[in-house]
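Structure, as C-alpha cells:
Since we're looking at a predicted model, the values are computed, not measured.
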Amino acid sequence: MRITGTQEAEVAVSQHCTTAQAAAGLGDGEDSPVRPLCKPRGICSRAYFLVLMVFVHLYLGNVLALLLFVHYSNGDESGDPGPQHRAQGSRPEPTLGPLTRLEGIKVGHERKVQLVTDRDHFIRTLSLKPLLFEIPGFLTDDECRLIIHLAQMKGLQRSQILPTEEYEEAMSTMQVSQLDLFQLLDQNRDGHLQLREGGSAQNHLSGGQVTCPAQPWSQDIDGWVPCAGVLSLQEFSNMDLRDFHKYMRSHKAESSELVRNSHHTWLYQGEGAHHVMRAIRQRVLRLTRLSPEIVELSEPLQVVRYGEGGHYHAHVDSGPVYPETICSHTKLVANESVPFETSCRYMTVLFYLNNVTGGGETVFPVADNRTYDEMSLIQDDVDLRDTRRHCDKGNLRVKPRQGTAVFWYNYLPDGQGWVGDVDDYSLHGGCLVTRGTKWIANNWINVDPSRERQALFQQEMARLAREGGADSQPEWALDRAYRDTRVEL
C-alpha cells in the first residue's frame, strides 16, 4: 500500500505520542487510563505555547524599550533638530566643562605629584575649610631671586589703600536705607558705630582697600557731631553718605593703621614673557588641572613686598557676585551696566619668595571652625581680622619659607561642576612683619560664576588673539623687554 507524505507525518506523531506515554508511566497497565498527550497535527501543549509567547513578548518589549532609550538619549537626528541644534546653524553656543578641584581627604594628607620633569613635589593638606594645601619647594631659590629682581627692575608702588571715587559713586546709587547700612556697619551689635567698624565694613565692601585709623570719630564731617567717639543710629541717619565717604578718603592715617601696608607690582606671564615666568605659569597649570584657557587668561603674577611693620588685615580674595556686581576680568563681554566690579578669583596660589626674619605669617583666622559667624570675629575687643594685634589668635598660621607655595579655593562648588558661593572660611591675612622684609607673589585664577559669561569671554579673547589683538598690549611692553634678564647669583 502506498503511504502519502501526510500519512507519514501522522505515523511519526503517533509514534512520538506512544513514546511519550511510556516515558510518563502510562503504559499497558489495565488500571491506567490511556490519555494521549498530544493530538495529531496539533501543538504538544497549550500551556507550553502560552509560556513561549509570554517570553517572546517580554523579549520584544525589552528590545523596543532599549531602542527608545537610545533614541531619546541621543536626540532624533531625522526629525526636528530642536532649538539647541537650530541655533548652531547661526551661532554656536560656547560651553565649558566642569572645573577641577583637588580633594583634601584629611588634614595632614600628602600626595606626590610631578610638576617638573626632574623632581617630585608633595602636596600636603593644611585645612578642609577652606580647602587649603601647601607645596614645599614649588619654586627654586634661583626662581625666587629672579622674580624679586624683575619686580625691582619694573618698580613697585604702594598698594591701594583707599576706596576710589567710583566706589563712592556706586554706594550712593545703591538702594540701601540708612538703617540697613547702619546694621551692616555695626558688627558688634552694640547700637553704636565705632570708626574701626566703619572702616572694617568698607573694607569688606570695597575688596580690602580702605583705611582703618584708630582715632575716634571727629567733627570733620559737616552736619553732625558724634558723642564719646561713637555714632548712634540717629546721628548716622542724619548724615549724608557722601560726607561719610569723603571723610574716610581724606582722613590721614598712619601707615601702621592701614588695612594694607605694602608695595607691589605686576609681572607679565603671557606669550613673549621671561622664560621663568612662562615656566611658572605652566607649572600652575599642571598643579590646578584647569583648562589652559582659564589659566592663561587669568591675572598676571602680582609681586608684593612688606617691610618692617608691613601687614594685610584679614580679607577674602574674591567678592560675591550680586545683581549689582560684575567680574572685573569678564566685563569686556558683559552687556549689563552695573555699579560694582569685583575680583572673581576661583583659586589663590601664593608663593613665598624669601625667608622672613620675624613675623609675616599667613593667617587663616577661622580655618576649620565648626561654624562661621561674621559677628563672632569681634569679641571682647579682639578683632580676629586685625593681623597687627591678634594674629596669634587665628586658627591656622603658615610660616613663610622660601620656595614654598600655598593654594586654596575661594569658592565653594555649586554641585554642577562650577563656582558656587564664596567660601567664608577662606578669610586670610598677612601677619605683621616684625623684622626684615617679606616678599611674596600671587597667582590668581579667574573664573566668572556665570558659566555662560566665562565661555563668551574665552571665545572673545580667542578671536582677538587670532586677529593679533594679543600683541597690541602696550602695558606689557616693559615686561617683554626683560625676557632675557639674568641674575648673577
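A donor-acceptor pair is defined here as one N or O able to donate and one able to accept, closer than 3.5 Å; such a pair exists between the side chain of H428 and the backbone of S426. Judged by distance alone, the side chain of T100 and the main-chain N or O of R289 form a donor-acceptor pair under 3.5 Å. A donor-acceptor pair under 3.5 Å is absent between the side-chain atoms of T348 and the main chain of F407, judged by distance alone. S298 contributes a side-chain N or O that, together with a main-chain N or O of N446, makes up a donor-acceptor pair within less than 3.5 Å. A donor-acceptor pair is defined here as one N or O able to donate and one able to accept, closer than 3.5 Å; such a pair exists between the side chain of D368 and the backbone of K129. Looking at H121, its side chain does come within 3.5 Å of a backbone N or O of G137 through a donor-acceptor pair. In this structure, the side chain of D423 does not engage the main chain of L412 through any donor-acceptor pair within 3.5 Å. Here the side chain of N410 pairs a donor or acceptor atom with the backbone of R345 at under 3.5 angstrom. Distance alone, capped at 3.5 Å, is enough to place a donor-acceptor pair between the S328 side chain and the T342 backbone. Although no hydrogens or angles enter the test, the distance criterion places no donor-acceptor pair under 3.5 Å between the side chain of E361 and the main chain of R397.
In terms of heavy atoms, Q402 sits closest to D141 at OE1-OD1, 3.3 Å. Among all heavy-atom pairs drawn from H390 and D383, the shortest one is CD2-O, 3.3 Å. The shortest non-hydrogen separation linking G97 to W418 is O-CZ3, 3.6 Å. In terms of heavy-atom proximity, T404 sits nearest to P136 at OG1-CA, 3.7 Å. Across every non-hydrogen atom of V116 and Q114, the tightest pair is O-CG, 3.1 Å.
No more than 12 heavy atoms of other residues, nucleotides or ligands sit less than 6.0 Å from atom CG of D381. The environment of D380 atom CG is sparse: at most 12 non-hydrogen atoms of other residues, nucleotides or ligands sit within 6.0 angstrom. In Q416, the CD atom is not crowded: 12 or fewer heavy atoms of neighbouring residues, nucleotides or ligands sit closer than 6.0 Å. Residue R435 qualifies as open at atom CZ: its count of foreign heavy atoms under 6.0 Å is 12 or below.
Remark: aromatic rings of H311 and Y306 are distant, center separation not under 6.0 Å. With ring centers used as reference points, H313 lies 6.0 Å or more from H315.
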Practice item. Quick one: do Y425 and S127 satisfy side-chain hydrogen bond (donor to acceptor under 3.5 Å, both in side chains)? Show the steps, please. Key: CA-CA 10 Å; Y425 291 93; S127 75; over 6 Å; no

Point to revise | Stepwise side chain to side chain contact (heavy atoms under 4.5 Å, CB included) test for R385 and L427 | key: CA-CA 8 Å; R385 296 165 300 183; L427 183 75; 4.2 Å; yes

Check your understanding: Between R453 and E460, does a salt bridge (charged side-chain N to carboxylate O under 4.0 Å, His left out) hold up when you go through it step by step?
Key -> CA-CA 10 Å; R453 195 158 52 219; E460 180 64 13; over 6 Å; no

Practice item. Under the salt bridge (charged side-chain N to carboxylate O under 4.0 Å, His left out) rule, what do K331 and E341 come out as? Steps first, then yes or no, please. Key: CA-CA 8 Å; K331 64 180 180 180; E341 283 182 28; 3.2 Å; yes

Point to revise | Verdict with reasoning, R119 to T140, per side chain to side chain contact (heavy atoms under 4.5 Å, CB included) | key: CA-CA 11 Å; R119 68 182 187 275; T140 66; 3.6 Å; yes

Point to revise | Verdict with reasoning, Q157 to H264, per side chain to side chain contact (heavy atoms under 4.5 Å, CB included) | key: CA-CA 5 Å; Q157 62 182 4; H264 76 277; 3.8 Å; yes

Practice item. Might you work through the salt bridge (charged side-chain N to carboxylate O under 4.0 Å, His left out) test for E143 and R283, ending with a clear yes or no? Key: CA-CA 13 Å; E143 289 172 334; R283 206 174 305 163; 2.8 Å; yes

Practice item. Show your reasoning for whether side chain to side chain contact (heavy atoms under 4.5 Å, CB included) applies to V316 and D424. Key: CA-CA 8 Å; V316 291; D424 293 324; 5.8 Å; no

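Side-chain contact between V447 and L99 is present, with at least one heavy-atom pair separated by less than 4.5 Å. The closest side-chain heavy-atom distance from N443 to F351 is below 4.5 Å. The shortest side-chain heavy-atom distance between L377 and Y372 falls under the 4.5 Å cut-off. Residues R111 and L102 are in side-chain contact: their nearest non-hydrogen atoms beyond the backbone lie under 4.5 Å apart. Contact check for V419 versus D414: no side-chain heavy atoms found under the 4.5 Å cut-off. Two residues are said to be in side-chain contact when any heavy atoms from C-beta on lie closer than 4.5 Å; I294 and I445 meet this criterion. Proximity of S376 to Q379: side-chain heavy atoms (C-beta onward) are separated by under 4.5 Å at one or more points. No side-chain heavy atom of L150 sits less than 4.5 Å from a side-chain heavy atom of K154.
At a cut-off of 3.5 Å, with distance as the only test, a side-chain donor of N395 or N369 sits close to an acceptor on the other residue. At a cut-off of 3.5 Å, with distance as the only test, a side-chain donor of Q302 or N442 sits close to an acceptor on the other residue. Defined by atom type and a distance below 3.5 Å, a donor-acceptor pair is present between the side-chain atoms of T362 and Y352. There is a side-chain donor-acceptor pair under 3.5 Å between S318 and Y411.
Salt-bridge formation is detected for the pair R278/E296: a Lys NZ or Arg NE/NH1/NH2 atom is positioned less than 4.0 Å from an Asp or Glu carboxylate oxygen.
Atom CG of L131 and atom CZ of R101 lie 5.5 Å apart (nearest 0.5 Å). Rounding to the nearest 0.5 Å places CD of E293 at 7.5 Å from CG of L297. To the nearest 0.5 angstrom, M347 atom CE is 8.0 Å from F133 atom CZ. Note that the NE2 atom of H274 and the CG atom of L267 stand 10.5 Å from one another [nearest 0.5 Å]. To the nearest 0.5 angstrom, H149 atom NE2 is 15.0 Å from C144 atom SG. Here CG of L301 is found 10.0 Å from OG1 of T265. Values are rounded to the nearest 0.5 Å.
With P365 as reference, L384 is the one residue of T387, L384, D386 to meet the side-chain contact (heavy atoms from CB on, under 4.5 Å) rule.
In this pair, F364 and W408 present their aromatic rings perpendicular. The plane angle is above 60°, beyond the 30 to 60° band. Ring-plane geometry between H329 and F457 is classed as perpendicular, the angle between the planes exceeding 60 degrees on a 0 to 90 degree scale with a lower cut at 30.
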